[in-house]
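Below is one structure; the comments refer to it alone.
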Amino acid sequence: MKPIVYIAHRGEMGESPVDFSDFSLKTVKELMAEALVPFEVEKLVGGKRVFIKPNFVRPDYRFNPAVSSDPRAVIALGSLLKDAGAVRVAVGDNPGLGLSFREALKEIPGSDSWIKYGIEPFFYEDSEPVEIDLPEGKLFKRMKVPKALLDFDVFVNLPKIKMHMHVGASLGIKNLYGLLVDEQRMTFHRQDVSRKVVDILRRFTPDLTVAEGIWALEGQAPICGEPVKDFNTVIAGVDPVAVDAVGSSVMGIEPVELASTRLAHTAGLGEMNLEAIDLRGAPLEEVKRYFKRPVVSSMGAYPNCDVYELGACVGCMSSLRHALDKLHYGGELAAIPQNTYILGVPGPFYEPLAEWEGDLWLIGDCPMEAYGEGGNIVRVSGCPPHFGEVLRELKRKYIDQ
Ligand code: SF4
């Protein structure tokens, strides 16, 4: 039988994820309710403890209101599941390396009203991590999650519909990354991140995936980029691969372009061929638009940054580009002097630079040995380093003086 994927879509609502009233909250709830109709949520959640996993990566809604889950979508879905008979509805995420959910929650508009809707926050930091074997994992064999996460009966994945410079697009399978505790955040965070999330999917298969693009995100996502305002689209399904296939398609990305979709499909974890999916609701072609694609390379992106990507993989490329974009979108990049950045493995014919403009930044472990110690050499190690470390070092050296 074909897996059902439902697309619910509305026209303009005119409010934002930051400033919203009961008017758009009600409309988002209607949108969610419509998307859930084929999936008999009363049967799924009645009398059960439900965990909802949104995408609250580094929430900063004033900086960009479409990077993290739309607060209206979280309230709408949580209250619908509560109304459907769930005895407990908890919402939680690992919002980013070094950031607790308690701190992140302060930045989420309307989170102080969750209790009114029967939704409780789930604080990763309050639960000891537990290591779980992934016997079917091909690459990622043991994952660490907060122990209390295992107390839930039903897992509902609530990804954001957005572009992602590292993996193409961030949808349901990628959203599973936030189940991990910090300790494992940067392992396999290169091209292999797609395999890692599929290995997580084998163990933590969502009972339901509800991809939310009330305001979606295009361009230099997942941390920067431009909001796709009033996209007002919700895509729901039980098959997580089918939801990602439809989710990427509405952004103008073929399902086969995403490694996680391909890997999960070939592993038999779900369907990615649109013709083999029972598509319901709004016609895909009417909802679809071609999102601006992110650029992961930093070469030539900003005039004050002379970047050499040697044999760099996407881990270091995205860490540097995230950091530079974050400064650019925050209006601070112009304060950084002309510098030179090197990342990736030096090839056999590589001759280390004898001179360079400004400071020489070595990003990631690969280029470290090619250069000795020098007065104006800055090293940010890691494989890859987290983008936040690159950003922090840049700010410390040139901005936070
Ligand atoms: S240090 Fe090298 S291998 Fe590791 S992420 Fe960076 S470029 Fe890739």
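Model, not experiment: these values are computed from the prediction. Start at 1 and go down the list; that is how both ligands and their atoms are numbered. In what follows, residues are counted from 1 in the order of the sequence shown.
Using a 4.0 Å cut-off between charged nitrogen and carboxylate oxygen, K144 and E183 count as a salt-bridge pair. Contact check on D278 versus R280 returns a salt bridge, with a Lys/Arg side-chain nitrogen under 4.0 Å from an Asp/Glu carboxylate oxygen. Salt bridge status for E271 with K2: absent, with no side-chain N to carboxylate O gap under 4.0 Å. Using a 4.0 Å cut-off between charged side-chain N and carboxylate O, R88 and D151 make no salt bridge.
Protein N/O/S atoms closer than 2.8 Å to atom 6 (Fe) of ligand 1: C316 SG.
Sorted by first and then second residue, the pairs that involve residues 40-94 and meet ring pair (Phe, Tyr, Trp, His ring centres under 6.0 Å), not counting sequence neighbours, are F51-F122, F51-F152.
For D306 (side chain) and Q338 (main-chain N/O), no donor-acceptor pair under 3.5 Å exists by modelled atom type.
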